[in-house]
2 protein chains.
Amino acid sequence: MAEVGYAHFSAREVAKRIGYSIGTIYNVFGSLDLLVVAVNSRTVGLWAATARARLNEAGANRIAALVEGYFDFAERNQNLWMAIYDHHMPEGETFSSDYVEQLGELIGIVETEIVGLLPQLGSGEAGTLTRSLLATVHGHCVFALNGTFALLGVHDPRHVALARVREALAAASGNVPP
Amino acid sequence: MAEVGYAHFSAREVAKRIGYSIGTIYNVFGSLDLLVVAVNSRTVGLWAATARARLNEAGANRIAALVEGYFDFAERNQNLWMAIYDHHMPEGETFSSDYVEQLGELIGIVETEIVGLLPQLGSGEAGTLTRSLLATVHGHCVFALNGTFALLGVHDPRHVALARVREALAAASGNVPP
DNA sequence: CCAAAGAATTGAACATTGTTCAATAAAATA
DNA sequence: TATTTTATTGAACAATGTTCAATTCTTTGG
């Protein structure tokens with residue numbers, strides 16, 4: 001996946017590279033979809049670990065460290081990261097519990113920082129704000145990677161994304177009765 | 001594409017449905033990639049037209065109309081809209097000029113509103129802010145459609161996205177020397 | 001240590017796909 | 001009408017996801 005990307009990811013090629021036959025892949029994972037889900041769950045796990053590492057060596061500005069970490073991870077693991085969003089569950093299927101777990105950990109890391117910064121927030125509000133900030137950074141990251149920003153003359157997506165996050169945090173800290 | 005989505009979109013099926021042979025498709029479009037690009041360019045064109053229509057029947061809050069229009073278009077044309085982002089140019093290829101043109105129109109519509117709201121902004125700043133707001137809404141829309149928000153208990157993605165946009169606009173109007 | 005039961009692995013077989021390209025049909029031109 | 005240009009075809013090829021009876025390996029019970 002890291003080498004060829006989602007579009008050219010193939011169960012047969014995986015089998016070849018790990019020295020098993022195509023049949024074994026299907027016995028273990030059940031379908032290409034589920035194999036991709038397994039890969040993506042692992043990627044989210046790596047992502048969470050990277051975020052944690054970034055926070056450990058972060059200075060005073062931990063939010064900036066998270067935003068930078070987001071962009072860095074996506075850029076350095078483009079194919080893996082994009083595969084998370086290129087893949088869609090077949091209609092009616094639900095997220096695998098493994099995936100949900102890894103994603104929960106990643107979001108928990110961010111939420112802890114938000115709560116640390118804005119302890120006045122109720123837990124529901126903090127949760128919604130966390131997911132909204134992740135969505136904000138996600139959007140900027142997508143446009144940075146797929147060339148939409150470059151095409152339109154936005155040269156520093158990270159800086160812009162961080163600005164949006166700061167504004168949202170400032171607004172949240174001001175809007176809450178003390 | 002609207003029916004089966006990007007993952008199951010097939011040149012052969014297109015040929016069958018329009019009553020031509022597979023060879024003709026390839027003579028006209030050159031490859032599946034370019035056929036998808038043609039479909040996506042058309043989708044962006046529809047999208048721009050929808051946004052314009054929304055503004056025409058909008059009340060005082062034109063920004064809210066744009067955000068609502070964004071979500072509505074994506075939700076009502078899920079497969080078409082997602083295909084825009086599911087498809088990636090093969091390494092080294094550039095955007096088709098048709099696609100760039102349609103996208104430019106869509107962004108122009110939004111930028112006009114931003115400039116109307118914040119005429120103090122320099123044109124470079126207005127451009128960057130426009131793209132950043134689009135990225136913000138895009139991120140919220142992706143999470144709304146792919147189920148990430150629902151999975152995590154965010155129930156009103158539109159409202160949250162609009163809140164982020166409002167905060168960014170408020171910050172921009174305050175930060176610029178009058 | 002061996003034989004039988006269980007588990008893991010295989011790869012041929014099938015349906016579909018993207019892609020190519022010589023052959024054919026249709027249209028335009030002289 | 002004869003010729004050239006353009007458009008269209010679909011068989012052929014390589015590659016893919018998926019299935020499943022046959023095979024190999026492992027474990028177990030005596």
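All chains are named by letter (A, B, ...) in the order of the sequence lines, taking the proteins before the strands, and each is independently numbered beginning at 1.
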Value in whole Å for how far the C1' atom of dT20(C) lies from CG of L34(B):
16 Å
Look at E111(A) together with R131(A) and state whether they make a salt bridge at an N to O cut-off of under 4.0 Å.
yes
By side-chain contact (heavy atoms from CB on, under 4.5 Å), which residues pair with T128(A), not counting sequence neighbours?
V154(B), V160(B)
Report yes or no: do V44(A) and L55(A) belong to one cluster of Ile/Leu/Val/Met/Phe/Trp/Tyr joined by side chain heavy-atom distances under 4.5 Å?
yes
For every nucleotide of nucleotides 22-27 of chain D, 5' to 3': is a protein heavy atom under 4.0 Å from its base (B), only from its sugar-phosphate (S), or from neither (-)?
------
Could you list the donor-acceptor pairs under 3.5 angstrom formed between side-chain atoms of residues 19-28 of chain A and any protein atom two or more places apart in sequence or on another chain?
{"residue": "S21(A)", "atom": "OG", "partner": "G23(A)", "partner atom": "N", "Å": "3.3"}

Testing the basics here: between F95(A) and N146(B), what is the closest heavy-atom pair and its distance to 0.1 Å?
CZ-O, 3.2 Å
So, are E167(A) and R166(B) salt-bridged, with charged N and O less than 4.0 Å apart?
no
Interface residues of residues 88-98 of chain A with DNA chain D (non-hydrogen, below 4.0 angstrom)
none
Looking at E125(B) and G122(B), would you say the former's side chain and the latter's main chain have a donor-acceptor pair under 3.5 Å?
yes
Please state how far atom CD in E13(B) lies from atom P in dA15(C), giving the value in whole angstrom units.
17 Å
Answer yes or no: does a side-chain N or O of S10(A) lie under 4.0 Å from OP1 or OP2 of dA15(D)?
no
Quick one: do the S96(A) and D98(A) side chains pair a donor with an acceptor below 3.5 Å?
no
In degrees rounded to 10°, what angle is found between the helical axes fit to the five outermost pairs at each end of the helix from dC1(C)-dG30(D) to dA30(C)-dT1(D)?
10°
Please list, pair by pair, any protein nitrogen or oxygen found under 3.5 Å from a nitrogen or oxygen in nucleotides 24-28 of chain C.
none

Write down the distance between NE2 (H8(B)) and P (dA15(C)), rounded to a whole number of angstrom.
19 Å
Check whether N40(B) reaches the backbone of A83(B) with its side chain - one donor and one acceptor, N or O, closer than 3.5 Å.
yes
Would you kindly give the CG-to-P distance between N27(A) and dG17(D), to the nearest whole Å?
16 Å
So, using side-chain contact (heavy atoms from CB on, under 4.5 Å) as the criterion, who are the partners of L118(B) when residues are at least two apart?
Q120(B), L121(B), L129(B), L169(B), A172(B), S173(B)
I need the CG-C1' distance between L32(A) and dA15(D), as an integer number of Å.
14 Å
Atom CZ of F9(A) and atom C1' of dA15(D) are separated, to the nearest Å, by 16 Å
Here the salt bridge (charged side-chain N to carboxylate O under 4.0 Å, His left out) pairs for residues 30-39 of chain B, sequence neighbours left out, are none
Return the value, rounded to whole Å, for the distance between atom CG of D33(B) and atom P of dT17(C).
17 Å
Quick one, which residues of residues 14-26 of chain B touch DNA chain C with a heavy atom under 4.0 Å?
I22(B), Y26(B)
Tell me the salt bridge (charged side-chain N to carboxylate O under 4.0 Å, His left out) pairs involving residues 44-60 of chain A, sequence neighbours left out?
R52(A)-E105(A), R54(A)-D72(A)
Does V36(A) belong to the same Ile/Leu/Val/Met/Phe/Trp/Tyr cluster as W47(A), with side-chain heavy atoms less than 4.5 Å apart forming each link?
no
What's the CZ-P distance between F29(B) and dA7(D), to the nearest Å?
14 Å
Any donor and acceptor pair, going by atom type alone, linking the side chain of T148(B) with main-chain N or O of A144(B) inside 3.5 Å?
no
Distance-only donor-acceptor pairs under 3.5 Å for side chains of residues 60-71 of chain B, two or more places apart:
{"residue": "N61(B)", "atom": "OD1", "partner": "A64(B)", "partner atom": "N", "Å": "3.1"}
{"residue": "R62(B)", "atom": "NE", "partner": "E113(B)", "partner atom": "OE1", "Å": "2.7"}
{"residue": "R62(B)", "atom": "NE", "partner": "E113(B)", "partner atom": "OE2", "Å": "3.4"}
{"residue": "R62(B)", "atom": "NH2", "partner": "E113(B)", "partner atom": "OE2", "Å": "3.1"}
{"residue": "E68(B)", "atom": "OE1", "partner": "R158(B)", "partner atom": "NH1", "Å": "2.6"}
{"residue": "Y70(B)", "atom": "OH", "partner": "H138(B)", "partner atom": "ND1", "Å": "3.3"}

Given DNA chain C, 5'-ward residue of the pair S31(B) and R12(A), judged by closest heavy atom
R12(A)
If a pair satisfies salt bridge (charged side-chain N to carboxylate O under 4.0 Å, His left out) and one of its residues is in residues 19-28 of chain A, list it, with sequence neighbours excluded.
none
